[in-house]
Number of protein chains: 4
Amino acid sequence: MVQILNSRSKQASDRVLRRSETRRLDILRAAARVFRRRGVAATGMREIAQEADLSPGNLYYYFSGKDELLLFCQERTLEHMLAAVSAARATPASSAEQLRSVLRAHVHAMLDELEGATAHLEVDALPAGMRAPIIEKRDRYERAVRQLVMEGVARDEFAHCDAALVTRAMLGAVNWTARWYRPDGARTVTEIAKTLADFLVRGLLK
Amino acid sequence: MVQILNSRSKQASDRVLRRSETRRLDILRAAARVFRRRGVAATGMREIAQEADLSPGNLYYYFSGKDELLLFCQERTLEHMLAAVSAARATPASSAEQLRSVLRAHVHAMLDELEGATAHLEVDALPAGMRAPIIEKRDRYERAVRQLVMEGVARDEFAHCDAALVTRAMLGAVNWTARWYRPDGARTVTEIAKTLADFLVRGLLK
Amino acid sequence: MVQILNSRSKQASDRVLRRSETRRLDILRAAARVFRRRGVAATGMREIAQEADLSPGNLYYYFSGKDELLLFCQERTLEHMLAAVSAARATPASSAEQLRSVLRAHVHAMLDELEGATAHLEVDALPAGMRAPIIEKRDRYERAVRQLVMEGVARDEFAHCDAALVTRAMLGAVNWTARWYRPDGARTVTEIAKTLADFLVRGLLK
Amino acid sequence: MVQILNSRSKQASDRVLRRSETRRLDILRAAARVFRRRGVAATGMREIAQEADLSPGNLYYYFSGKDELLLFCQERTLEHMLAAVSAARATPASSAEQLRSVLRAHVHAMLDELEGATAHLEVDALPAGMRAPIIEKRDRYERAVRQLVMEGVARDEFAHCDAALVTRAMLGAVNWTARWYRPDGARTVTEIAKTLADFLVRGLLK
DNA sequence: TATGAATGAGATTTCATTCAT
DNA sequence: TATGAATGAAATCTCATTCAT
């Protein structure tokens, strides 16, 4: 990935790099789409290559292999989600509204036509040696959501509850959308996100 | 195989059949455990054979292949779950309590040490031609749960809601337990089942 | 196969042996039927066992394995055919009629409902080390038929010809019946045998 | 794979395709050779790969599996033979000479060093679902040969006979050459073809 | 003699990855 | 950068044969 810069102008090499980065992103997005459609384990490099409009061999010019591709996919989405939870918590809104907003963002992060990805839900598809940073992010995210729940309890917005379990229940409900959502279904992603967030938070309110 | 069946030989063949069926069940349970631990797509016949304590080739004496094994696993669990929902609906309890009972049974069907199985969550791992009966059962189950929700609304126990989406949210929350539950975790399956069922139904109450 | 004779009467043990031989013959016939139906290479021991009405394992009580079974099948039929050619040559008939009679017998040896066998046509299905006696018989048979042709030429019954090639042509024509003959077809084995023998010898006559 | 095709790249892709087709043909020929040597059922993918000088896995880059390989082999040869019979019938020659010419071509189609193939004789080696087009061609060919026989009878060139049976006898005689022909034998393919054709047609003449 | 069950070698096939150009 | 072709490891499955009873 690190390129040996030739003697041409820095601008030119920047442009090359930028083009290359764009290409890598395109490939990541293509991979994410196939992973979402078929599941990581059932997805072959050939399918990814085809979705990204290049030859199988050429994939390896941009990524070292399926694992790296998967790792970056997962990282990207988790960072998306971590940003969303940070944004929500930076808000003066109620815990309920913060939580709803996080859950809605979560659904969008998975299902949005262009950038939605679900590969991060399959951590075990990574070789054991590469899981640590993904697990760390995933757990950090879960802790942040749990924190929102606990804050709501502390603020007397939410009833007392087993925050750990309830958090997982909520995350499960939104994660599961990846399994049944169809773009041509009766409800839009936005509707789904709102309905689920409202329902789940309702179970917490006093 | 023309045999004169006297009452003794018939008994013997019954016994043999019964033993054979027992063995098949043992293997199914072993397969279900590995499927639950590692996911269907990532599970190899070798692993199943090892878990069931026989040689890989010998698996094929009992089942025609991975697909059949998977099909039976899925069918078994879905029938368990359908029985549970029928049992709950045969009860004079409130909709809320019926629903809680179904959700608890659902969690148990997946996580119980001995018989818990999650393979039915991965319908796409079956070859397309074998999916129909599984999908039918799965959808029948979902419809039954949705029916419970709608009945609760009709009886004024539950607030008005998008029953289809809310049902999927609840099922997602319980299905997702398969991903994070560890037998040596802080909470028992029974605790998890109760907490989740209570939380989820709470979101429906008026 | 060699049995340890117990102290009972010799008669009894003879009866056992005879019974055992009968059983072996039954199995050979069953094997021959399956070999004819499906070809040697495509026939499994399970199919033979089923056709012979015993368990797969039990086959090995009577025969040391598939190879022996095949060997005996081939030997049996070839000896049939050698006997037929000897019988024909012991006759005072013309060469033409002797030859016709051999060819008819050949067709019957392969297609007859009860005893017909074609396994001897697949010599290569035997392990190389076991082929010698079969090849010897097969070649002896071919030589005998060729001899008939050459005698007919010497006696001025047949036109001069390349006896080796013509013999193989005739044998090919009759061997090939095994591939297309169906018991429920329009012509009986006897009709086929006669028509083919007449046609083939016709090509030799002056 | 959206590509702007300028005249150069199109040429290149043509060249590539042509090379690929050449390779496929090479492999087909190699497979045909092994099938002829050892019989279809006894031939493994490893042997074909070795004969074609590539790794077993690489075979699957060119063909989807053994079945496809076999299908193409059979189709190729049968089309050769159908072409030969068409060519013969387009001729003003006598029925006898047309028939001889077909039989000679038949022998060549099977035994010629380079392109000879015999896989089409083993239709049952194909999975049942793939047989139809092969059987259709095979039967069409047989009908065409039978037609030649019947025409000869109608023209009073041939004696009255059971055309169906006699046709099968002739085809059996030539098909059987595949079983005994050895390239290092005493007679060339051409000699064999001529001798057999002459002999077989002789049996038809008045 | 007879059987259900077990085994191990080998077959076909898949697939991530690499190579040559 | 890009590609068609190649590879090798591993997966699923088959099957003759053997074992324990």
Side-chain angles (χ1 to χ4, degrees), chain A residues 3 16 19-20 23 41-49 53-70, chain B residues 1 3 9 12-13 15-17 19-20 23-24 41-49 53-69, chain C residues 3 16 19-20 23 41-49 53-70, chain D residues 1 3 9 12-13 15-17 19-20 23-24 41-49 53-69:
Chain A
Q3 302 225 341
V16 166
R19 200 172 351 139
S20 179
R23 205 87 170 75
T43 295
M45 290 299 267
R46 277 172 173 74
E47 283 166 279
I48 297 174
D53 249 336
L54 35 75
S55 69
N58 202 12
L59 268 184
Y60 289 81
Y61 179 81
Y62 294 100
F63 293 91
S64 77
K66 194 183 182 184
D67 297 337
E68 196 186 87
L69 216 34
L70 176 55
Chain B
M1 232 63 63
Q3 278 198 8
S9 80
S13 104
R15 212 178 310 131
V16 164
L17 254 183
R19 179 154 30 134
S20 181
R23 201 84 173 80
R24 279 167 64 91
T43 295
M45 292 299 268
R46 276 157 210 280
E47 287 163 278
I48 295 173
D53 210 28
L54 35 76
S55 68
N58 200 12
L59 269 183
Y60 293 83
Y61 183 78
Y62 296 98
F63 293 93
S64 75
K66 194 185 183 183
D67 298 336
E68 196 186 272
L69 215 35
Chain C
Q3 300 226 342
V16 166
R19 200 176 347 143
S20 180
R23 205 88 171 76
T43 295
M45 289 299 266
R46 277 170 174 75
E47 283 166 278
I48 296 174
D53 249 333
L54 36 76
S55 69
N58 201 12
L59 267 185
Y60 289 82
Y61 179 81
Y62 295 99
F63 293 92
S64 77
K66 193 185 182 184
D67 297 337
E68 196 186 89
L69 216 35
L70 177 54
Chain D
M1 233 61 65
Q3 277 198 10
S9 78
S13 104
R15 210 178 311 132
V16 164
L17 255 182
R19 178 153 30 134
S20 181
R23 202 83 173 81
R24 279 168 64 91
T43 296
M45 291 299 268
R46 279 158 206 279
E47 288 163 277
I48 296 173
D53 210 29
L54 34 75
S55 69
N58 199 13
L59 269 183
Y60 292 82
Y61 182 77
Y62 296 98
F63 294 93
S64 76
K66 194 185 184 181
D67 298 337
E68 197 186 270
L69 215 36

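Order of the sequence lines fixes the chain letters, A, B, ..., with proteins taken first and strands second; residue numbering starts at 1 for each chain.
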Q. Roughly, in whole Å, what's the span from CG in Leu69(C) to P in dT17(F)?
A. 10 Å
**Q.** Nearest to side-chain heavy atoms of Ser55(B), which nucleotide of dT1(E), dA6(E), dA5(F)
**A.** dA6(E)
Pick out the pairs of N or O atoms, protein on one side and nucleotides 10-12 of chain E on the other, that lie under 3.5 Å.
| from | atom 1 | to | atom 2 | distance (Å) |
| --- | --- | --- | --- | --- |
| dA11(E) | OP2 | Arg46(D) | NE | 3.4 |
| dT12(E) | OP1 | Met45(D) | N | 2.9 |
| dT12(E) | OP2 | Met45(D) | N | 2.9 |

Q: Heavy atoms only: give me the nearest Tyr60(A)-Gly65(A) pair and the separation to one decimal.
A: CE2-CA, 3.7 Å
**Q.** Arg24(B) CZ - dA6(E) C1' separation (whole Å)
**A.** 17 Å
Q | Value in whole Å for how far the P atom of dT17(E) lies from CD of Glu47(A) | A | 15 Å
Q. In chain order, what residues pass the side-chain contact (heavy atoms from CB on, under 4.5 Å) check against Phe63(D), with sequence neighbours excluded?
A. Arg24(D), Ile27(D), Leu28(D), Glu68(D), Leu69(D), Phe72(D)
Q: For Ser55(D), enumerate each residue passing the side chain to side chain donor-acceptor pair (under 3.5 Å) test, keeping only those at least two apart in sequence or located in another chain.
A: none
Q | Rounded interatomic separation in angstrom, taking CD1 from Ile48(C) and P from dT17(F) | A | 10 Å
Q. Rounding to a whole Å, what distance do you find between Arg23(C):CZ and dT1(E):C1'?
A. 9 Å
Q.
Just to verify, what does Ala49(D) make a side-chain contact (heavy atoms from CB on, under 4.5 Å) with, not counting sequence neighbours?
A. Leu54(D), Pro56(D), Leu59(D)
(Q) If you compare every side-chain N and O of Tyr61(B) against the phosphate oxygens of dC15(F) (OP1, OP2), does one of them come in below 4.0 Å? (A) no
Q) Considering only side-chain heavy atoms of Leu54(A), which listed nucleotide, dT3(E), dT1(F), dT3(F), is closest? A) dT3(F)
Q. OH of Tyr62(D) versus P of dT14(E): gap in Å, rounded?
A. 17 Å
Q. Rounded to whole angstrom units, what separation is found between the CZ atom of Phe63(D) and the P atom of dA5(F)?
A. 12 Å
**Q.** Separation of atom CG in Asp53(B) from atom C1' in dT7(E), rounded to whole Å
**A.** 14 Å
Using atom names, set out every protein N or O paired with an N or O of nucleotides 19-21 of chain E below 3.5 Å, distance rounded to 0.1 Å.
none

(Q) Here's a test of your reading of the structure: between Asn58(D) and Ser64(B), which maps to the more 5' nucleotide of DNA chain F? (A) Asn58(D)
Q. With pairs taken as Watson-Crick or G-U wobble and both distances under 3.5 angstrom, which stems of at least three consecutive pairs involve DNA chain F?
A. E:2-21 with F:2-21
